[in-house]
Structures are given as structure tokens and as C-alpha cells.
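Working notes, structure below.
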Amino acid sequence: NEDKRIVHRRALMTLLIDKIEREYTARITLSDLAEIAGINEKYLCRFFKSFTGQTPIDYINRLRIDRACFEMTVNKMTVTDAAYECGFNELSYFSKIFKKYKGISPGQYRQRFALQ
């Protein structure tokens, strides 16, 4: 039944998003998410992208970057502390991903938008 399939797909997506939202600071792999969903990694990526327009990894990175922005601007964390606090293990990777999504370096972002 088509309705049951739609409900199942939405429930599965909710499960995946909940896991990511709860554990974004920890290491989350495609394999972890695929296991939760009971599907293979390749299908997981297609399935996830059909709902969000992004791959699971892009979704996780974007969430981490958004949270890091909050930490740097509202909580006045340093770039390094915000990166580690939000689940990045390497500062260089954080900087690369940050610039990809925000168009400027984390340091420039922090200087420009930190609350006084």
C-alpha cells in the first residue's frame, strides 16, 4: 500500500534526523545511519537526499557548522573550541567545510558576527 510506504519512509527519516540532531557532536558514519535504517549505504544516501536535498554527510556538516556559528557568536567560544565542541576532530577540515558553507573563514565569521 502506497500510504503505508509513505508513512514508513517518513518515520525512517525522522529516526535518522533524530539520531543526527542528538549525536551530531559524536562520530556518525554512513554505516551507522544505514544500520539504523536497515538499508545499505548507497540507498541511504539516495533516500536521505530525496527528503533533504543533501547527503547525510552534508546534512551533518551543515548542522555542525551552524552550531559552531552559534557557539562562536553567542557563547563567544574560540574557533578551535567551537570546532571541537561541534564534532570536528581536525581544525583544518573544520575551516575547509566552514568556508564551503559560509564563504568566509571561521575567524572572519567570528570577528564579524560575535555579539559584543
Side-chain angles (χ1 to χ4, degrees):
N1 186 328
E2 185 65 22
D3 289 343
K4 282 184 182 178
R5 240 181 73 213
I6 291 169
V7 168
H8 175 72
R9 289 171 51 90
R10 284 189 182 149
L12 201 53
M13 198 60 209
T14 300
L15 190 68
L16 292 167
I17 295 293
D18 284 349
K19 162 109 175 140
I20 292 168
E21 291 280 337
R22 268 192 336 274
E23 300 178 23
Y24 73 93
T25 61
R27 185 170 184 264
I28 302 173
T29 65
L30 287 178
S31 161
D32 295 335
L33 296 174
E35 188 176 322
I36 289 168
I39 55 182
N40 70 45
E41 292 176 29
K42 189 174 181 179
Y43 181 69
L44 167 76
C45 288
R46 284 199 317 265
F47 173 77
F48 198 94
K49 195 167 187 173
S50 74
F51 273 86
T52 65
Q54 330 174 54
T55 67
I57 299 304
D58 280 337
Y59 186 92
I60 293 165
N61 281 337
R62 199 174 286 277
L63 174 64
R64 287 175 174 167
I65 294 297
D66 287 344
R67 298 288 164 92
C69 287
F70 178 84
E71 296 298 349
M72 289 187 297
T73 57
V74 176
N75 293 334
K76 298 184 180 140
M77 274 190 185
T78 65
V79 169
T80 302
D81 288 346
Y84 291 126
E85 180 75 21
C86 295
F88 288 94
N89 298 321
E90 294 177 25
L91 200 52
S92 61
Y93 182 68
F94 171 70
S95 294
K96 176 183 170 185
I97 296 300
F98 193 99
K99 192 158 188 167
K100 174 183 171 185
Y101 292 132
K102 298 297 180 182
I104 58 177
S105 74
Q108 290 169 320
Y109 184 93
R110 186 175 183 274
Q111 275 187 324
R112 190 174 297 169
F113 298 108
L115 300 177
Q116 304 310 322

Partner residues of K99 under the salt bridge (charged side-chain N to carboxylate O under 4.0 Å, His left out) criterion, sequence neighbours left out = none
Nearest 0.5 Å please: distance from the CG atom of D18 over to the CE atom of M13.
-> 10.0 Å
What distance separates R110 CZ from T73 OG1, expressed to the nearest 0.5 Å?
-> 9.5 Å
With sequence neighbours left out, what residues match E41 under side chain to side chain donor-acceptor pair (under 3.5 Å)?
-> none
From T55 OG1 over to R46 CZ, what is the distance, rounded to the nearest 0.5 angstrom?
-> 14.0 Å
So how far is it from L33 CG to Y59 OH, rounded to the nearest 0.5 Å?
-> 11.5 Å
Partners meeting salt bridge (charged side-chain N to carboxylate O under 4.0 Å, His left out) with R67 (sequence neighbours left out) = E21
Contacts under 3.5 angstrom, residues 87-97 side chains, donor-acceptor by atom type, not counting sequence neighbours:
{"from": "Y93", "atom 1": "OH", "to": "N61", "atom 2": "ND2", "distance (Å)": "3.1"}
{"from": "S95", "atom 1": "OG", "to": "L91", "atom 2": "O", "distance (Å)": "3.1"}

If every non-hydrogen atom of A26 is compared with every non-hydrogen atom of R64, which pair is closest and at what distance?
-> O-NH2, 2.7 Å
Count the heavy atoms belonging to other residues, nucleotides or ligands that lie under 6.0 Å from CD of E23, then report whether that count exceeds 12.
-> yes
Straight-line distance of K19 NZ to I17 CD1, nearest 0.5 Å = 13.0 Å
Indicate the atoms forming the closest heavy-atom contact of D32 with R27, along with that distance.
-> OD2-O, 3.8 Å
Spell out, yes or no, whether Y109 and L63 are grouped together once hydrophobic residues are joined by side-chain heavy atoms under 4.5 Å, including indirect joins.
-> no
With sequence neighbours excluded, tell me which residues meet side chain to side chain contact (heavy atoms under 4.5 Å, CB included) with R62.
-> Q54, D66, Y101
Atom CG in D58, atom SG in C45: separation rounded to 0.5 Å?
-> 9.5 Å
What about I57 and F47, same hydrophobic cluster or not, with Ile/Leu/Val/Met/Phe/Trp/Tyr joined at side-chain heavy-atom distances under 4.5 Å?
-> yes
Linking I/L/V/M/F/W/Y whenever any side-chain heavy atoms sit under 4.5 Å apart, do M77 and V79 land together?
-> no
Work out which heavy atom in E71 is nearest to a heavy atom in C86; give both atom names and the distance.
-> CG-SG, 4.1 Å
Residues I39 and Y43: closest non-hydrogen pair is CD1-CD2, 3.5 Å
Any chance you could lay out the side-chain contact (heavy atoms from CB on, under 4.5 Å) test for F113 and C69, step after step, and finish with the verdict?
-> CA-CA 9 Å; F113 298 108; C69 287; over 6 Å; no
Here the pair of heavy atoms bringing I36 nearest to L16 is CG2-CD2, 4.4 Å
Shortest non-hydrogen contact between I20 and I60, atoms and distance = CG2-CG1, 3.7 Å
Please identify each residue that fulfils side chain to side chain donor-acceptor pair (under 3.5 Å) with K100, with sequence neighbours left out.
-> none
Hydrophobic cluster membership, Y24 vs M72, 4.5 Å side-chain cutoff | no
